[in-house]
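Order of the sequence lines sets the chain letters (A, B, ...), proteins ahead of strands, with each chain counted from 1.
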Amino acid sequence: MMNMVKAKIMKNEEISPQIYEMIFLSKEIGEQGFPGKFVNLYCEDGRHLLPRPISICEIDKNNHTIRLIYAIVGEGTKQISHLRVGDKVKVLGPLGNGFTVEKGNGKNIVIGGGIGVPPLLELVKHLKGSTTVYLGFRCNPILIEEFKKYVDYVYVATEDGSYGHKGNVLELIKQHNPIGDRVYSCGPKPMLKAIGEWAKEQDLPAELSLEERMACGIGACLVCTCKTQGKEDWEYKRVCKDGPVFSRDEVIWE
Amino acid sequence: MMNMVKAKIMKNEEISPQIYEMIFLSKEIGEQGFPGKFVNLYCEDGRHLLPRPISICEIDKNNHTIRLIYAIVGEGTKQISHLRVGDKVKVLGPLGNGFTVEKGNGKNIVIGGGIGVPPLLELVKHLKGSTTVYLGFRCNPILIEEFKKYVDYVYVATEDGSYGHKGNVLELIKQHNPIGDRVYSCGPKPMLKAIGEWAKEQDLPAELSLEERMACGIGACLVCTCKTQGKEDWEYKRVCKDGPVFSRDEVIWE
Amino acid sequence: MMKPNMKVNIGGVELKNPVMPASGTFGSGREYGEFVDLNKLGAVVVKGISSTPWKGNPTPRVAETYGGMLNSVGLQNPGMEEFIEKDIPFLRSYDTKIIVNISGKTVEEYCAVAERLSSEDIDILELNISCPNVKEGGVTFGTDRRMVEHVTKEVKRYAKQPLIVKLSPNVTDIVEIAKAAVAGGADSLSLINTLIGMAIDIHKRKPVLANGIGGLSGPAVKPVAVRMVYQVAQAVEVPIIGMGGITTGEDAIEFILAGATAVAVGTANFMNPRATLDVVEEIEGYLQQYNIKNIKEIVKKVCI
Amino acid sequence: MMKPNMKVNIGGVELKNPVMPASGTFGSGREYGEFVDLNKLGAVVVKGISSTPWKGNPTPRVAETYGGMLNSVGLQNPGMEEFIEKDIPFLRSYDTKIIVNISGKTVEEYCAVAERLSSEDIDILELNISCPNVKEGGVTFGTDRRMVEHVTKEVKRYAKQPLIVKLSPNVTDIVEIAKAAVAGGADSLSLINTLIGMAIDIHKRKPVLANGIGGLSGPAVKPVAVRMVYQVAQAVEVPIIGMGGITTGEDAIEFILAGATAVAVGTANFMNPRATLDVVEEIEGYLQQYNIKNIKEIVKKVCI
Ligand SMILES: Cc1cc2nc3c(=O)[nH]c(=O)nc-3n(C[C@H](O)[C@H](O)[C@H](O)COP(=O)(O)OP(=O)(O)OC[C@H]3O[C@@H](n4cnc5c(N)ncnc54)[C@H](O)[C@@H]3O)c2cc1C
Ligand SMILES: Cc1cc2nc3c(=O)[nH]c(=O)nc-3n(C[C@H](O)[C@H](O)[C@H](O)COP(=O)(O)OP(=O)(O)OC[C@H]3O[C@@H](n4cnc5c(N)ncnc54)[C@H](O)[C@@H]3O)c2cc1C
Ligand SMILES: Cc1cc2nc3c(=O)[nH]c(=O)nc-3n(C[C@H](O)[C@H](O)[C@H](O)COP(=O)(O)O)c2cc1C
Ligand SMILES: Cc1cc2nc3c(=O)[nH]c(=O)nc-3n(C[C@H](O)[C@H](O)[C@H](O)COP(=O)(O)O)c2cc1C
Ligand code: FES
Ligand code: FES
């Protein structure tokens with residue numbers, strides 16, 4: 001069940017250069033939220049018509065609040081960053097399929113890159129068994145201490161070397177060569193592709209959360225497709241509705 | 001000299017149903033303002049591109065503030081009414097020619113209708129000689145006490161009879177048959193047309209402030225024309241630049 | 001206050017009100033059905049259907065523009081058999097009319113779809129000869145008056161249901177095209193499809209859409225759409241379904257005054273999932289405000 | 001940082017930078033001269049000039065639309081004699097190029113204006129065969145390929161200055177029209193003029209414009225304009241002046257990447273009287289950001 005709400009903003013602050021944290025109040029979205037799902041935020045500035053999809057970073061079911069972390073990359077996210085505490089934001093959600101949280105134990109390898117890191121926070125809170133987290137950033141890492149609250153091992157790579165390993169997260173993983181039962185990942189396309197290939201080599205199942213430009217966000221308009229392996233031939237699936245989380249075998253990388 | 005400024009809003013309040021008063025700070029516009037001139041306000045909401053022309057109601061040269069009175073009639077004025085004290089509003093002005101304020105004495109007859117009343121307030125402050133003011137409203141008259149501060153005779157007509165004469169302002173004038181040397185008027189087109197004809201019958205010079213839909217507001221685009229009598233033939237003049245104030249003989253009513 | 005009569009008639013089919021989604025923006029109604037009671041719409045118009053499955057264009061398929069958007073979906077659809085099997089029973093469970101938008105790469109393909117659908121339980125067919133996002137068929141049929149008449153006439157031979165022809169705005173003379181469709185036997189016309197546009201990412205120095213160009217829709221195009229509906233309404237007798245940038249009931253009234261009997265809501269769904277229903281209610285509000293008892297009283301009632 | 005080279009060449013005339021106002025939105029530069037140093041513009045393009053004074057259309061002549069506007073000025077102008085007397089000396093006092101937009105009701109009138117101006121001190125002529133707001137001339141010349149070639153060829157016989165032909169977007173095939181203008185001898189093409197649109201006041205139930213229909217301009221039309229510039233640039237060799245919704249330097253870069261050698265700023269002036277100059281500075285900023293030394297390096301450099 002999706003909800004269209006005008007949600008009260010409890011927080012909307014810059015937490016790192018050009019990175020904002022928003023917390024808004026919504027009982028409905030809070031109750032139905034799930035790791036890997038996302039919401040649509042609407043700018044309502046008259047000029048930008050399409051919603052901005054943002055992943056759920058954390059859900060507080062007791063306080064009915066949803067936390068988002070978003071980067072200012074263009075006009076829409078800039079508009080959204082101007083909203084003040086107490087203002088209402090138009091939100092549609094929760095949307096998408098979310099990650100499959102394994103019921104059983106086992107070893108989880110969770111890999112995030114850049115602005116793909118936030119949705120993994122809610123994920124690790126739900127995972128059973130033991131979890132190792134790898135996070136990659138260009139610079140200015142975020143959320144590291146928070147991940148450490150829930151998992152024992154958090155490894156970080158930064159491209160500028162300001163924190164942890166200097167370089168990208170895949171190098172770090174290949175160095176560590178971690179043993180695990182499954183992989184969860186979210187981040188930029190090239191990283192996901194590499195993670196997918198690595199997981200395949202290791203023969204690990206992997207769930208990858210993709211991004212694509214969207215319009216409706218609910219599966220009706222078919223603009224957000226990604227190439228996947230169908231039964232016989234390849235087919236276009238909808239990132240917003242059939243995803244954003246796909247298994248590594250499904251995705252056909254271009 | 002026109003100025004494009006981001007002016008700080010000192011006041012923006014509803015003073016009567018659907019009628020707002022805005023006061024903003026601008027030294028430049030304050031210094032060059034003059035009765036009958038107007039300013040362009042920009043909505044800056046992304047969707048409404050064209051400026052909204054609003055007449056100057058009062059100028060406080062000491063405090064560098066400009067006062068406007070405007071009615072909410074559509075989306076643009078509604079947007080503008082949402083601006084808060086301390087916000088900045090984009091303003092271009094002062095624009096247009098303004099009224100000719102006679103240097104000499106004599107009897108001035110000033111006639112306003114509806115949202116055409118506010119610009120006459122700054123005018124009466126500048127007039128020499130004796131001045132009689134006639135104001136017409138549908139209902140909810142505004143600014144009456146303020147006019148009384150500057151002139152001895154203020155007569156009011158309201159269509160619903162809630163204040164003063166019940167009916168329109170022209171009836172009131174025809175009843176009074178005031179004697180004067182010149183007429184100044186601002187209000188809806190049908191009223192101005194009637195005032196123009198009445199002034200002609202009485203053989204009084206009259207200055208009428210017109211309204212027309214505008215784009216540039218400075219005389220460049222030729223969208224705001226009104227039909228006037230030229231030397232030989234009729235011609236279209238620009239309300240924004242050649243007006244908004246025209247003499248009664250110039251205007252050709254349709 | 002008494003509810004105004006909102007019923008309108010398209011090619012002999014009575015719709016309970018003049019509002020429907022625009023093809024391609026509403027899937028087959030399943031997704032938006034979570035926000036909108038489909039029983040309350042005049043009709044549901046489904047996305048373009050072809051004889052065999054079409055994959056559509058590569059992604060990205062959408063670019064936001066000032067007050068509008070470009071899409072280059074390219075008529076991705078599962079083909080008529082899957083559509084018939086899955087979507088018709090779903091839609092028939094609602095008390096609304098079903099309008100199926102049909103696509104083809106050749107006149108024969110259009111005819112094949114029309115023929116196959118003629119025995120199915122659907123109410124109206126809409127012939128899309130105006131999609132700018134496919135190389136063959138689509139807009140190439142819709143911009144030449146002889147082709148418009150020809151394809152309409154051919155499809156009409158196979159269609160059992162009334163036929164709407166959907167026109168492209170990317171033409172010099174929309175009236176000529178509209179007349180050609182009517183000459184070919186169209187029972188109704190819908191307009192406008194999208195304007196052809198392009199957006200370039202100046203940092204990557206390449207088009208935002210993988211396909212290069214795409215179709216412009218949304219509020220930005222409304223003045224062009226209203227003008228075309230007006231011009232066509234002056235020239236033909238068949239009912240017109242107006243669309244292009246409708247986001248509110250006020251927008252819909254503009255089209256109706258210009259000459260549209262019914263209206264479709266497209267891009268606005270993406271801005272507001274309840275848009276179709278909001279438009280129904282706002283049209284009703286306008287009629288009540290002016291004490292108009294029957295919506296037909298204002299069709300084409302703009303005074304020039 | 002070194003200033004990039006912004007010089008461009010239109011039909012043999014060198015402009016110091018690629019930015020000019022769009023005809024009809026800037027008068028003859030006097031009014032906007034209070035906000036913008038005209039010396040800093042590549043050229044000033046004046047409003048459409050005809051042989052005798054034209055009164056234009058009745059008011060209202062403007063309607064605001066979503067992200068755009070409609071105008072129906074109808075080429076009001078004082079005629080060429082008054083223009084020559086009053087405006088040329090004013091403009092010549094600035095260090096910028098003068099482009100005169102010419103209008104006519106007949107081929108003969110266009111030719112008469114071109115002939116009269118050929119002996120005047122102006123740099124370039126722009127032939128407006130695309131105004132949607134006049135009954136005769138204007139858009140009727142601009143939508144038929146044979147007429148476009150014919151009128152261009154005729155005017156070319158009288159014009160001493162290089163000739164730009166300004167194209168209408170209200171056509172099925174912009175490339176065909178562009179090729180016709182070039183075949184007629186156009187030294188450059190400018191596009192787009194306005195799209196034909198309409199807005200209806202639903203409370204008065206009549207068009208907002210006294211003229212009924214008008215020309216749509218502003219950011220709303222940009223995707224259509226960029227697409228047409230792109231298509232035309234792929235097909236002809238002459239320099240293109242791109243316009244339609246440019247409000248920022250980023251918008252201008254989009255047109256330049258699509259294939260425009262220069263750009264014109266129209267409706268944006270009404271939103272921001274400094275718009276032309278802001279666009280100059282923002283283009284410069286973009287070139288510096290990417291360390292591009294000469295603007296010519298990016299003309300038509302969109303990769304598909
Ligand atoms: C399922 C999903 C989850 C996401 N989660 C997050 C998140 O948690 N935090 C975060 O910062 N960002 C997230 N993104 C990316 C975010 O949606 C874009 O950064 C944002 O839409 C950009 O909007 P803009 O107006 O600032 O940029 P502009 O470039 O001005 O936007 C123009 C258009 O392109 C679209 N667009 C631009 N970049 C992207 C992108 N990377 N992905 C999808 N659409 C894009 C916009 O939605 C808009 O329609 C997510 C995207 C998807 C699809
Ligand atoms: C010289 C001049 C002085 C004015 N002074 C005042 C004043 O002091 N107080 C006041 O309340 N109003 C004044 N007006 C009218 C005011 O400009 C309009 O009411 C306002 O622009 C409406 O904008 P909107 O977006 O709310 O309405 P909408 O109807 O949504 O506006 C749509 C478009 O029409 C134009 N428009 C609509 N109504 C008018 C109108 N009556 N005159 C001109 N353009 C219009 C708008 O500017 C806009 O471009 C003046 C108009 C002019 C020309
Ligand atoms: C994403 C998208 C997909 C579309 N797909 C179709 C289609 O399959 N068939 C069709 O006839 N029109 C299609 N259209 C055009 C719309 O039906 C409509 O004519 C157009 O978008 C104008 O209306 P709007 O401005 O309200 O969106 C599509 C439009 C969009 C935005
Ligand atoms: C008020 C107005 C008047 C115009 N007058 C003319 C004209 O006289 N001659 C002409 O060739 N184009 C004229 N145009 C068209 C513009 O030059 C330009 O082609 C069009 O507006 C698109 O650019 P824009 O979106 O930046 O405004 C006019 C446009 C507007 C808005
Ligand atoms: S965004 Fe519409 S189907 Fe995914
Ligand atoms: S509004 Fe442009 S000339 Fe008056």
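For a residue to count as touching a neighbouring chain, one of its non-hydrogen atoms must lie under 4.5 Å from one of that chain's; by this rule D:Ile174 does not touch chain C. For D:Phe255, no part sits under 4.5 Å from any heavy atom of chain C, backbone or side chain. For D:Ile253, the parts lying under 4.5 angstrom from a heavy atom of chain C are both the backbone and the side chain.
We find the CD1-OH distance between C:Ile213 and D:Tyr230 to be 9.0 Å, quoted to the nearest 0.5 Å. Interatomic distance, D:Glu250 CD to C:Ile200 CD1, rounded to the nearest 0.5 Å: 13.0 Å. Taken from OG1 in C:Thr172 to CD1 in D:Ile196, the straight-line distance is 9.5 Å, to the nearest 0.5 Å.
The neighbour count for D:Lys296 NZ, taken as heavy atoms of other residues, nucleotides or ligands under 6.0 Å away, is above 12. No more than 12 heavy-atom neighbours from other residues, nucleotides or ligands sit within 6.0 angstrom of NZ on D:Lys206.
Under a 3.5 Å cut-off, the side chain of D:Tyr286 and the backbone N or O of C:Ile202 do form a donor-acceptor pair.
The minimum heavy-atom distance linking D:Arg205 with C:Ile298 is given by the pair NH1-CG2, 3.8 Å. Residue D:Ile304 comes nearest to C:Met198 through the heavy atom pair CD1-CE, 4.0 Å, listed as atom of the first residue, atom of the second, then distance.
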Please assess D:Arg227 against C:Leu195 for the test side-chain contact (heavy atoms from CB on, under 4.5 Å), listing each intermediate value before the final yes or no.
CA-CA 10 Å; D:Arg227 182 265 296 182; C:Leu195 282 160; 5.9 Å; no

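Note on D:Pro219, D:Gly67, D:Ala220, D:Ala210: by heavy-atom pairs under 4.5 Å with chain C, the leading option is D:Pro219. For the set C:Val224, C:Ile256, C:Asp201, C:Val221, the count of heavy-atom pairs under 4.5 angstrom toward chain D peaks at C:Val224.
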